[in-house]
2 protein chains.
Amino acid sequence: MTSSPARTAKGARGDLFDPECPTRRLLDRIGTKWTSMAVKVLAEASPDEVRFAELRRRMPGISQKMLSATLQSLARDGLVARRVEPTVPPRVHYRLTDLGLSLEVALAAVRSWAEEHMAEIDSANAIDDARAEGAVRPRAARPVRGT
Amino acid sequence: MTSSPARTAKGARGDLFDPECPTRRLLDRIGTKWTSMAVKVLAEASPDEVRFAELRRRMPGISQKMLSATLQSLARDGLVARRVEPTVPPRVHYRLTDLGLSLEVALAAVRSWAEEHMAEIDSANAIDDARAEGAVRPRAARPVRGT
DNA sequence: CAGCATCCCGTGCGATACTG
DNA sequence: CAGTATCGCACGGGATGCTG
């Protein structure tokens, strides 16, 4: 990942390995809970704009706070464009920029891998759980559903 | 990343909009700080195995705890295979499984996007910062409500 | 309607110390 | 050498309330 220059410009050897690493920084963004979903929803609507309330409706479970924060973050990164209608009450519209659309392509690849392979991860987990079951049981301390 | 379950009032919209969503779950994994780097390092060594200490050397900044945790997590997910040499002291070797290698391909796409576009995100941020500079200048930064 | 402010809890992850 | 156990703190992020 640290491909290009990245010559540890600060000599920070012991703490953060390479805060400059673009991949890490991207992962930090798309790794936040709602970012990728927001991008997806906006991409589905693209090139149309989507209003705040509509976005919220299409992202079940998100709070205003997080939707607002997520959109601000995306806007700051130049991934979405924000348009405010100076009415009362105000209407705010969002849409993906070209950069945002290009990210959506990458995200689609991730999504595709997930849909194709997460089941394998699940079964690997199941096997591991089963093995742990037969081994030394430290105590009944597994957050099992129900019981 | 996505914390605990969070009893959100989610409907039966079995889309990518709930904690069951494979994409979210994948992002939660690759979003953790060291996972993607570990996969990358192991992929670069593939098909050879890499020992714990060697991995640590190739991942500047990581602690034993986190390396251990990361590898356990990857092993549990069936992404890496673990082999213990029953010597004293023990030597433990790790290598990517086929599943892990397939994930590396997806990660490579993410990396590629990052290296190609993070600069644009940076300049978008810079522009935004500059605009914020000309706006409300934070002085005492303390509104002091009430009195 | 859109969005900021406040409170608060869970947890990712770093530092440190101990064991086989 | 490889791994586990413990503590501590910063931070993501959910719930609630206020404003223009």
Side-chain angles (χ1 to χ4, degrees), chain A residues 12-17 19 24 27-38 49-57 59-76 80 82-94 136 138-139 141 143, chain B residues 1-10 19 24 27-38 49-57 59-76 80 82-94 132 136 138 141-146:
Chain A
R13 256 306 61 118
D15 62 338
L16 286 183
F17 65 111
R24 252 259 56 73
L27 285 170
D28 283 346
R29 283 151 214 258
I30 65 181
T32 56
K33 189 164 185 180
W34 302 102
T35 307
S36 57
M37 203 197 313
E49 298 177 312
V50 186
R51 289 185 46 191
F52 188 90
E54 179 58 24
L55 273 169
R56 214 189 153 185
R57 224 169 299 126
M59 297 171 68
I62 196 171
S63 61
Q64 319 86 309
K65 174 192 170 184
M66 286 318 293
L67 179 53
S68 185
T70 302
L71 291 170
Q72 275 182 29
S73 177
L74 288 170
R76 235 185 86 82
V80 317
R82 197 188 129 119
R83 184 174 66 86
V84 182
E85 252 184 274
T87 58
V88 174
R91 294 167 167 219
V92 187
H93 305 254
Y94 296 89
V136 181
R139 213 166 310 171
Chain B
M1 66 205 46
T2 310
S3 335
S4 32
R7 297 279 154 265
T8 45
K10 56 141 186 174
R24 250 269 48 76
L27 285 171
D28 282 348
R29 287 169 164 87
I30 64 181
T32 55
K33 188 163 185 180
W34 302 101
T35 307
S36 58
M37 203 194 323
E49 299 177 312
V50 186
R51 290 184 48 193
F52 189 90
E54 179 59 22
L55 274 169
R56 214 187 153 186
R57 280 206 312 113
M59 297 172 69
I62 195 171
S63 62
Q64 318 85 309
K65 176 192 169 184
M66 286 318 293
L67 179 53
S68 186
T70 302
L71 290 170
Q72 274 181 29
S73 177
L74 288 170
R76 234 185 88 83
V80 317
R82 195 188 129 117
R83 184 173 66 84
V84 183
E85 254 183 271
T87 58
V88 174
R91 292 166 169 220
V92 187
H93 305 254
Y94 296 88
V136 182
R142 200 64 251 189
V144 188
R145 291 195 76 80

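Letters go in sequence order (proteins before strands), and every chain restarts at 1.
- Distance Met59(A) CE to dG13(D) P: 12 Å, rounded to the nearest Å.
- Scanning all heavy atoms of the two residues, the minimum distance from Phe52(A) to Leu67(A) falls at O-CD2, 3.6 Å.
- Side-chain nitrogen and oxygen atoms of Arg83(B) include none within less than 4.0 Å of the OP1 or OP2 phosphate oxygen of dA2(D).
- Between the CG atom of Leu55(A) and the C1' atom of dA2(C) there is a distance of 12 Å, rounded to whole Å.
- We find that CE of Met66(A) is positioned 15 Å from C1' of dT6(C), with the value rounded to whole Å.
- The interatomic distance linking Arg29(B) (CZ) with dC13(C) (P) rounds to 14 Å, in whole Å.
- Considering only side-chain atoms of Pro90(B), the nucleotide from dG20(C), dG3(C), dT16(C) that sits closest is dG20(C).
- OP1 or OP2 of dT4(D) sits under 4.0 Å from a side-chain N or O of Ser68(B).
- Between Ser36(B) atom OG and Leu27(A) atom CG the span is 4.5 Å, to the nearest 0.5 Å.
- OP1 or OP2 of dC1(D) has not a single side-chain nitrogen or oxygen of Arg51(B) nearer than 4.0 Å.
- Distances shown here put a side-chain N or O of Gln72(B) below 4.0 Å from the OP1 or OP2 atom of dT4(D).
- Side chains of Ser73(B) and Thr70(B): no donor on one and acceptor on the other come within 3.5 Å.
- Annotation: of the two residues near DNA chain D, Leu71(B) and Gln64(A), the 5′-most nearest-nucleotide partner is Leu71(B).
- Comparing dG14(D), dC1(D), dA2(C) against the side chain of Ala53(A) picks out dA2(C) as the nearest.
- Under 4.0 angstrom from either OP1 or OP2 of dG12(D) there lies no side-chain N or O belonging to Lys65(A).
- For the pair Arg82(B) and dG3(D), the criterion of a side-chain N or O lying under 4.0 Å from OP1 or OP2 is met.
- If you check dG20(D), dG3(D), dG14(C) against the side chain of Phe52(B), the one that comes closest is dG3(D).
- Following rounding to the nearest Å, Glu85(B) (CD) and dG3(D) (P) show an atom-to-atom distance of 13 Å.
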message = Applying salt bridge (charged side-chain N to carboxylate O under 4.0 Å, His left out) to Glu54(A) and Arg51(A), what does each step give before you reach the verdict?
response = CA-CA 5 Å; Glu54(A) 179 58 24; Arg51(A) 289 185 46 191; over 6 Å; no
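- Heavy-atom nearest nucleotides on DNA chain D were determined for Ser63(A) and for Pro89(B), and the one closer to the 5' end corresponds to Pro89(B).
- Put simply, CG on Leu27(B) is 16 Å from C1' on dG12(D), counting in whole angstrom units.
- Taking each heavy atom of Leu74(A) and Thr35(A) in turn, the nearest pair found is CD2-CG2, 3.7 Å.
- In this entry the distance linking CG of Leu67(B) with P of dC1(D) reads 14 Å, nearest Å.
- Rounded to whole Å, the distance from CD on Glu54(B) to C1' on dA2(D) is 15 Å.
- Ranking dG3(C), dA2(D), dG20(D) by closeness to the Tyr94(A) side chain, first place goes to dG3(C).
- Here the closest heavy-atom approach between residue Trp34(A) and residue Met59(A) is recorded as O-CE, 3.8 Å.
- An OP1 or OP2 oxygen of dA2(D) is reached within less than 4.0 angstrom by no side-chain nitrogen or oxygen of Arg91(B).
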